4 protein chains.
Amino acid sequence: MKLLKAARTVFERDGYFNASVDDIVKEAGAARGSFYGYFEDKRHVFRIVASEVTEAVRQAVISGSATTGDAVARLHATNLRYLEVYRANAAMFGLVEQVATIDPVVSADRMEIRRQHISRVSDSIARWQERGLVKKDIDADLVAPLLVSMTSNFCYWWFVGSETYEWDRAAETITDTWVRVLGLASPERVRRKRGGSPD
Amino acid sequence: MKLLKAARTVFERDGYFNASVDDIVKEAGAARGSFYGYFEDKRHVFRIVASEVTEAVRQAVISGSATTGDAVARLHATNLRYLEVYRANAAMFGLVEQVATIDPVVSADRMEIRRQHISRVSDSIARWQERGLVKKDIDADLVAPLLVSMTSNFCYWWFVGSETYEWDRAAETITDTWVRVLGLASPERVRRKRGGSPD
Amino acid sequence: MKLLKAARTVFERDGYFNASVDDIVKEAGAARGSFYGYFEDKRHVFRIVASEVTEAVRQAVISGSATTGDAVARLHATNLRYLEVYRANAAMFGLVEQVATIDPVVSADRMEIRRQHISRVSDSIARWQERGLVKKDIDADLVAPLLVSMTSNFCYWWFVGSETYEWDRAAETITDTWVRVLGLASPERVRRKRGGSPD
Amino acid sequence: MKLLKAARTVFERDGYFNASVDDIVKEAGAARGSFYGYFEDKRHVFRIVASEVTEAVRQAVISGSATTGDAVARLHATNLRYLEVYRANAAMFGLVEQVATIDPVVSADRMEIRRQHISRVSDSIARWQERGLVKKDIDADLVAPLLVSMTSNFCYWWFVGSETYEWDRAAETITDTWVRVLGLASPERVRRKRGGSPD
DNA sequence: AATGAATGAGGTTTCATTCAT
DNA sequence: TATGAATGAAACCTCATTCAT
């Protein structure tokens with residue numbers, strides 16, 4: 001919708017706190033009062049805009065859970081999908097972090113994404129452990145949040161902040177680091193070798 | 001100083017955006033105008049309060065660079081120091097993340113801390129590589145920011161957010177994860193050519 | 001407009017410096033914020049109110065430039081028009097002098113009025129000199145500002161200050177003084193070569 | 001005194017309204033509170049500074065009342081004295097006009113100067129009329145304030161405002177204009193000629 | 001639904017003045 | 001007398017929100 005699109009434009013341009021309802025309606029070419037026919041207030045419209053983005057991240061993180069094929073290759077594919085979604089929505093994703101610090105609803109959304117992300121990683125680890133690809137002494141309840149923090153926060157400084165990295169090398173190093181942390185062996189390697197110090 | 005202490009109290013209680021200069025002077029039992037004898041505005045007083053905290057983090061991260069002794073033990077000590085400083089200043093540290101999104105000065109401070117933290121980790125990795133404790137093919141320019149992201153963001157969700165972890169186990173898992181990522185062998189282990197989980 | 005009228009009322013009653021935006025909105029029966037929908041600040045609204053008055057003066061000073069008829073009679077008519085406009089807008093005219101000392105825009109307006117006034121007088125003198133009603137050795141570049149100063153400042157003390165003069169006698173003395181300064185002879189008098197006090 | 005001098009400096013530099021007590025004590029190198037040991041408030045210190053200036057003008061206007069000698073020459077001398085004092089104290093004199101619009105005491109002082117100036121001119125006219133140098137039909141009660149307005153306001157625009165005139169020519173034209181207004185004949189001319197149309 | 005003028009609470013900031021030392 | 005920190009009244013201005021049209 002016109003106002004929703006305008007809101008996202010203004011938020012991305014000015015940030016949440018500098019954006020005023022006025023700026024949004026001006027951007028949309030609408031009248032001041034029209035805004036309140038659609039949204040309760042600035043928070044409300046932000047929550048809606050934000051949910052578009054968080055949904056995209058959820059998709060990137062949740063999908064592709066095929067249980068067959070090469071584990072490392074699939075992990076890498078998931079990581080690449082995550083990096084791409086993060087980069088494409090960097091501005092809004094930065095804003096979600098910003099607004100989460102003051103809006104309980106956005107904060108809850110943000111936590112829910114992380115929760116799901118962690119959950120998905122935990123499940124993967126458990127599956128790998130069952131298949132003997134990851135040692136049983138890996139504490140998934142701690143390692144999963146650590147890996148999610150590592151990846152999401154690295155993306156934050158890369159795509160929202162001003163750190164610059166080379167795409168391929170960064171993506172590969174991320175996956176490589178996951179592999180080292182988990183001692184994740186490719187199924188082939190498991191077959192061939194005994195097991196698992198990270199290479 | 002009275003107003004500085006009050007400012008920190010109010011910021012930690014109400015957050016940056018809900019805090020007003022009025023609240024601060026009320027908390028300090030001072031008059032409205034007194035505030036402006038010491039600070040230019042709310043931003044200014046926040047920057048000062050924040051710099052106290054960022055300085056504490058800097059100390060935790062920078063100090064203790066003895067080059068002898070057990071590498072893993074010293075890494076663990078540094079991590080513990082970091083966790084303790086983060087926990088002790090959790091509220092303010094959360095605020096720094098919050099305000100960094102809108103105040104360029106706080107943002108620059110925040111970036112500088114990260115830069116120094118990464119730098120310190122890079123240096124450690126380089127030293128370990130020279131001593132043969134870490135393989136040369138570890139890309140410190142990417143692994144250092146990844147490790148810093150992992151640790152700082154995990155602390156954020158733990159101490160500022162509402163995730164709960166058991167202190168000892170979390171601390172040990174963090175160090176353990178660093179060790180796995182780097183393939184860091186204790187000097188002894190290097191000598192004895194024996195694997196083992198870090199203490 | 002409601003606020004503009006209220007602003008003028010308050011300015012005339014309290015002066016520029018004692019008037020607050022609050023007083024103006026209270027006088028208008030409007031809300032604080034309404035003011036800023038129309039004006040940027042107190043200065044701005046004053047400039048608008050002032051421009052109404054300066055425009056009135058400009059009209060009084062510029063108009064009626066018929067080139068025929070009795071010179072003295074027409075001079076007197078112009079002077080009367082000036083006195084009337086000054087008296088009718090005395091309060092505001094005093095304020096313009098007051099605010100001109102601190103607001104560059106009002107100051108520029110004030111100067112422009114004087115410039116136009118002087119210019120108009122200069123032109124008249126030149127015309128009279130061409131027609132032989134005023135001697136060529138009159139230095140219009142100096143005499144015009146002197147006459148304008150005389151008239152406007154006399155009005156200031158009369159209508160804004162507390163000096164009191166009898167209307168007819170003052171008006172006639174002013175015109176009479178202009179005539180003496182310029183040695184302005186009525187066309188008839190020039191023809192008849194007879195002196196006479198201006199009507 | 002140190003504060004008085006500083007006050008004048010600050011007033012002349014910043015104007016009355018922009019000048020703060022703070023600026024004055026800073027200029028004087030004194031402490032905030034010291035000011036109130038000497039003056040009641042900003043108005044008070046301005047009144048004192050102003051009275052120095054108004055006294056100078058009073059002197060220029062009142063003195064030199066010798067009743068003998070050439071009338072026009074003495075008039076010119078008085079006018080020159082007035083111009084010189086005005087020019088020398090232009091900044092403060094402008095401020096007096098400014099502050100007179102809001103401070104009753106300064107306003108009264110300003111009026112008193114004008115009253116004395118007018119009075120002095122009236123007396124001169126009366127004396128000249130007795131001596132036959134000025135016609136009896138000149139209405140001194142109106143012509144005196146007109147001449148004072150002319151001279152003082154011309155000086156205002158010249159020395160305080162931004163109008164520029166050549167000193168000698170302006171001074172002579174002023175006196176010349178007085179002479180025309182009054183039909184003032186030099187005693188010599190009176191003796192030689194019959195009477196008095198201004199040359 | 002759309003409009004946009006009007007609202008007024010809420011914040012910011014200044015500065016003349018006081019007062020304990 | 002000198003100091004300068006503290007005071008607090010009084011102004012300023014913004015902006016989310018309402019409401020009559």
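Every value quoted in this text rests on a predicted model; they were computed, and no experiment measured them.
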Any side-chain heavy-atom pair from [X] and [Y] closer than 4.5 angstrom?
X	Y	value
B/Met111	A/Ser162	yes
B/Val99	B/Phe11	no
A/Val45	A/Leu3	no
A/Glu112	A/Arg58	yes
D/Tyr156	D/Phe93	no

- Determine which pairs satisfy side chain to side chain donor-acceptor pair (under 3.5 Å) with at least one residue from residues 40-54 of chain B, sequence neighbours left out, and list them in order.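 Sorted result for residues 40-54 of chain B: B/Arg47-B/Asp103.
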- Query: Which pairs pass side chain to side chain donor-acceptor pair (under 3.5 Å) with one or both residues in residues 5-17 of chain B, sequence neighbours excluded?
  - Reply: B/Arg8-B/Glu12, B/Arg8-B/Asn89, B/Arg13-B/Glu27
- Task: Kindly say if A/Tyr38 contacts the phosphate of E/dA2, meaning a side-chain N or O under 4.0 Å from OP1 or OP2.
- Result: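 Yes.
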- Query: Touch check for C/Phe39, heavy atoms < 4.0 angstrom, all strands: base, sugar-phosphate only, or nothing?
  - Reply: nothing
Please report the distance, rounded to the nearest Å, between [atom1] in [X] and [atom2] in [N].
X	N	atom1	atom2	value
B/Asp14	E/dG10	CG	C1'	15 Å
D/Phe46	E/dA16	CZ	P	15 Å
A/Leu3	E/dA1	CG	C1'	12 Å
B/Arg43	E/dG11	CZ	P	18 Å
C/Leu4	E/dA5	CG	P	16 Å
C/Met1	E/dA5	CE	C1'	11 Å

- Item | Secondary-structure string, 5' to 3', Watson-Crick or G-U under 3.5 Å, | for another-strand partners, for DNA chain E | .||||||||||||||||||||
- Message: Using a 4.0 Å heavy-atom cut-off to protein, can you give one letter per nucleotide of nucleotides 14-19 of chain F, 5' to 3': B if the base is in contact, S if only the sugar-phosphate is, - if neither?
- Response: B-SBB-
- Please identify each residue that fulfils side-chain contact (heavy atoms from CB on, under 4.5 Å) with D/Ala90, with sequence neighbours left out. D/Phe159, D/Val160
- Task: Could you tell me which residues satisfy ring-ring contact (aromatic ring centres under 6.0 Å, His included) with C/Phe17, sequence neighbours excluded, listed by chain and number?
- Result: D/Phe17
